[in-house]
S.K.: 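Got a structure here, written out as C-alpha cells. Questions coming.
In what follows, every chain begins at residue 1, and chains take the letters A, B, ... in the order their sequences are listed.
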2 protein chains.
Amino acid sequence: MDGKAYIAQRPKRADGRRNYDAILAAARKAFESTGADASLEDIASQAGVAIGTLYRHFPTRASLVEAATRDGLENLVAHAERLSGAADPLDALTAWMREAVAHFSTFRGLVGILAQSMYDEGTPSHTMCNAMHRSGADLLRAAQAAGSVRPDLTPDELFDLLSGAAWVREQAAGDRDGSPRFLQLVLEGITIPRA
Amino acid sequence: MDGKAYIAQRPKRADGRRNYDAILAAARKAFESTGADASLEDIASQAGVAIGTLYRHFPTRASLVEAATRDGLENLVAHAERLSGAADPLDALTAWMREAVAHFSTFRGLVGILAQSMYDEGTPSHTMCNAMHRSGADLLRAAQAAGSVRPDLTPDELFDLLSGAAWVREQAAGDRDGSPRFLQLVLEGITIPRA
DNA sequence: TTGACATCCTGAGGGTGCCTCAGGTTAAAT
DNA sequence: ATTTAACCTGAGGCACCCTCAGGATGTCAA
C-alpha cells in the first residue's frame, strides 16, 4: 500500500502547474466561504479551467482538501517540534491544542474529514494526520511526565477532545462561539492542579 | 412566528395517514442505515409512495428528521422530569447525559441537525430542543446546588459538551467507540470531588 | 346512494452536482 | 521539426433535489 498513490503530485508541465495552483487557490477560497462540500464545478470554473482538469489533478474531493490544508498541518507539526522540550510542558501542550483546534476548524467540514483520515488508512490526509498524532502525543507525554496532566489520558483520547472542540466551534460559527470555553473546560478537566 | 408552521401535521384522510406512517417508518430505517443524508427518493420508493407524496407530508428534510426523532427527544425530556428531585442530583445528571448522548447519535448526522436547531428558531426541531435544554438545565442546576458540579458551567456549555461527545461517537461508529470514555473525561472534568 | 369537494397522490421535468472518457491540444525533449 | 507524453476540454450519463399541473379518492352531507 503506497500511501502516496492517493496524493496529488505537483504536475511537471508549465500549464499543468499553473492550473494546479489556480485550482488550489480557488478551492481554498471556496472551502473557506462554503465549506468542504463546495461545488467542484464552481471551483473549476472559478479557476478558469474545465471540470476534467480539476479531476485530473485531484481525483477525489478528499485529495483536494488534503492539498488545500497540507500547509496548515505541516505548520502544526513544525510548531509541536518547536515546543517540544519547552520549560513548561503544560503551557506547551495547551498552546498547541489551541492552535490545533483553530486549524481543525479552518472551514466547515474539515474536522470531519480529518477525524476520518486519522484512523482510516488509504485516505489522502492520513499520512499528515499520523504525523500530527505523533507530535501531539509527544507533547502530551511530556506534560504527563511533568505531572501536569492526568496520566491515563491517551493520545487518541486527546484527539477526540480536540476534534470535539473543533466541531463545536464550527457549529457555532460566527456568534456564540463556545469553542474557547469548551477547550478551557476540557483543559481544566484533564489537568492536575499544582499542589 | 408560529413555530408549528414547519412541523408536519398528521394528515386526516385515511390514505394520507397510512402514507405518512409508511414514509416515517421507511425514513427511520434509511436514516439508521445511511445517515441523515439518505436519499429522499429512496425513502419514498421504499415506502411505496411517489416522491411528491413524501414532500407533501414533509416539505423539508429537516421536518422529516424532526418527525423521525421526536419520540426520542420526548422520552429524553420525560426521563429528565422523572429524574428531577432525585436523591443524588449528580447521579441523575450523569445518567441523563449518557442517555442524551446516546439519543443524539441515533444516526449519523443527527447531532449536527440538533445542534443547529438548538439555537436556530424557525427550525422544525427547535421547540423540542428548547424543551430538552430546559430539562437539562434543571438537572444541572440541581447538581450544582448540591455542590457536585462546578458552579460556573452554563447549560449552553453543557450542551456543547454533550454534542461534542455525540459527534465523536458518530465519527467512530462501530469499532473504536471513544464516546463513553469521552463523556467520562468530561464528567470527571466538570464534577467537584466530594471532599 | 350519490354527488361534491377538499384532500391526497402521481410522476414527469427542470435544476444542480458528480464523475468519466473520447478526442483534441500543447509543452518539452530530441 | 518531429515526436510524444502530458495535459485540457466539455458533452453526457447518473443520482438527487424539489415543484407542480393534472388526476384519483376519501369523506361527508344530503
Side-chain angles (χ1 to χ4, degrees), chain A residues 4-27 29-31 33-68 107-109 112-113 116 123-124, chain B residues 5-27 29-31 33-68 107-109 112-113 123-124:
Chain A
K4 280 181 186 165
Y6 264 73
I7 305 212
Q9 304 286 350
R10 200 129 187 281
K12 300 185 174 129
R13 251 171 61 170
D15 53 348
R17 249 193 323 250
R18 241 195 332 269
N19 287 335
Y20 181 97
D21 291 342
I23 292 168
L24 210 45
K29 201 175 299 183
F31 289 155
S33 69
T34 312
D37 56 350
S39 159
L40 297 181
E41 300 196 316
D42 277 359
I43 290 174
S45 99
Q46 205 61 33
V49 135
I51 183 64
T53 301
L54 186 149
Y55 278 98
R56 168 172 189 80
H57 291 301
F58 305 99
T60 69
R61 167 175 241 107
S63 71
L64 182 52
V65 170
E66 191 275 338
F107 51 78
R108 203 178 49 73
I113 293 171
Q116 208 57 33
T123 260
Chain B
Y6 263 74
I7 304 215
Q9 303 287 352
R10 201 128 187 282
K12 300 185 174 128
R13 250 171 60 172
D15 53 349
R17 243 187 332 242
R18 244 196 330 270
N19 287 334
Y20 181 99
D21 291 342
I23 293 168
L24 210 46
K29 200 175 299 184
F31 289 154
S33 69
T34 312
D37 55 351
S39 157
L40 296 182
E41 300 194 317
D42 277 0
I43 290 174
S45 99
Q46 205 62 33
V49 136
I51 183 64
T53 301
L54 186 147
Y55 278 98
R56 169 172 188 80
H57 292 301
F58 306 98
T60 67
R61 167 174 241 107
S63 71
L64 182 52
V65 170
E66 192 275 337
F107 51 78
R108 202 178 50 72
I113 292 170
T123 259

S.K.: So which protein nitrogen or oxygen atoms get under 3.5 Å of nucleotides 16-18 of chain C's nitrogens or oxygens?
M.R.:
unit_1 : atom_1 : unit_2 : atom_2 : d
C/dC18 : OP1    : A/R61  : NH1    : 3.0
C/dC18 : OP2    : A/L40  : N      : 3.0

S.K.: Dump every N/O contact between nucleotides 27-29 of chain C and the protein below 3.5 Å, one line per pair.
M.R.:
unit_1 : atom_1 : unit_2 : atom_2 : d
C/dA27 : O4'    : A/R13  : NE     : 3.3
C/dA28 : OP1    : A/A14  : N      : 3.1

S.K.: When rounded to the nearest 0.5 angstrom, what distance separates CG in A/L40 from CD1 in A/I51?
M.R.: 6.0 Å
S.K.: Please report the interatomic distance CG(B/L54) to CG(B/L64), rounded to the nearest 0.5 Å.
M.R.: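 So the gap between those two atoms works out to 6.0 Å.
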S.K.: Using the salt bridge (charged side-chain N to carboxylate O under 4.0 Å, His left out) rule, pick out the option among A/R18, A/R13, A/K12, A/R17 that qualifies with A/D15.
M.R.: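 Single salt bridge (charged side-chain N to carboxylate O under 4.0 Å, His left out) partner of A/D15 among A/R18, A/R13, A/K12, A/R17: A/R13.
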S.K.: What's the shortest heavy-atom distance between B/A36 and B/I113, and which atoms?
M.R.: CB-CD1, 3.8 Å
S.K.: Evaluate side chain to side chain contact (heavy atoms under 4.5 Å, CB included) for B/T34 paired with B/F107, printing each intermediate quantity in order.
M.R.: CA-CA 8 Å; B/T34 312; B/F107 51 78; over 6 Å; no
S.K.: Distance check needed: C/dG23 C1' versus A/R56 CZ, whole Å only.
M.R.: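 Nearest whole value for this atom pair: 14 Å.
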S.K.: If you compare all heavy atoms of A/D37 against all heavy atoms of A/R61, which two are closest, and at what distance to 0.1 Å?
M.R.: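 Looking at all heavy atoms of both residues, the closest pair is C-NH2, 3.1 Å.
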S.K.: Over all strands shown, is A/G16 touching base, sugar-phosphate only, or nothing at heavy-atom distances under 4.0 angstrom?
M.R.: sugar-phosphate
S.K.: Would you say C/dT10 has OP1 or OP2 under 4.0 Å from some side-chain N or O of B/T53?
M.R.: yes
S.K.: For residues B/I43 and B/A26, report the shortest heavy-atom separation together with the two atoms involved.
M.R.: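 Closest heavy-atom pair between B/I43 and B/A26: O-CB, 3.6 Å.
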S.K.: Take the protein atom CZ of B/R10 and the nucleotide atom C1' of C/dC8, then report the distance between them rounded to whole Å.
M.R.: 15 Å
S.K.: Hey, what do you get for CZ (A/F31) to CG (A/L24), rounding to the nearest 0.5 Å?
M.R.: 9.0 Å
S.K.: Could you give the start and end, 5' to 3', of the contact zone on DNA chain D for chain A, using atoms under 4.0 Å from its heavy atoms?
M.R.: D/dA5 to D/dA11
S.K.: Working to the nearest 0.5 angstrom, can you tell me the gap between A/N19 CG and A/H57 NE2?
M.R.: 5.5 Å
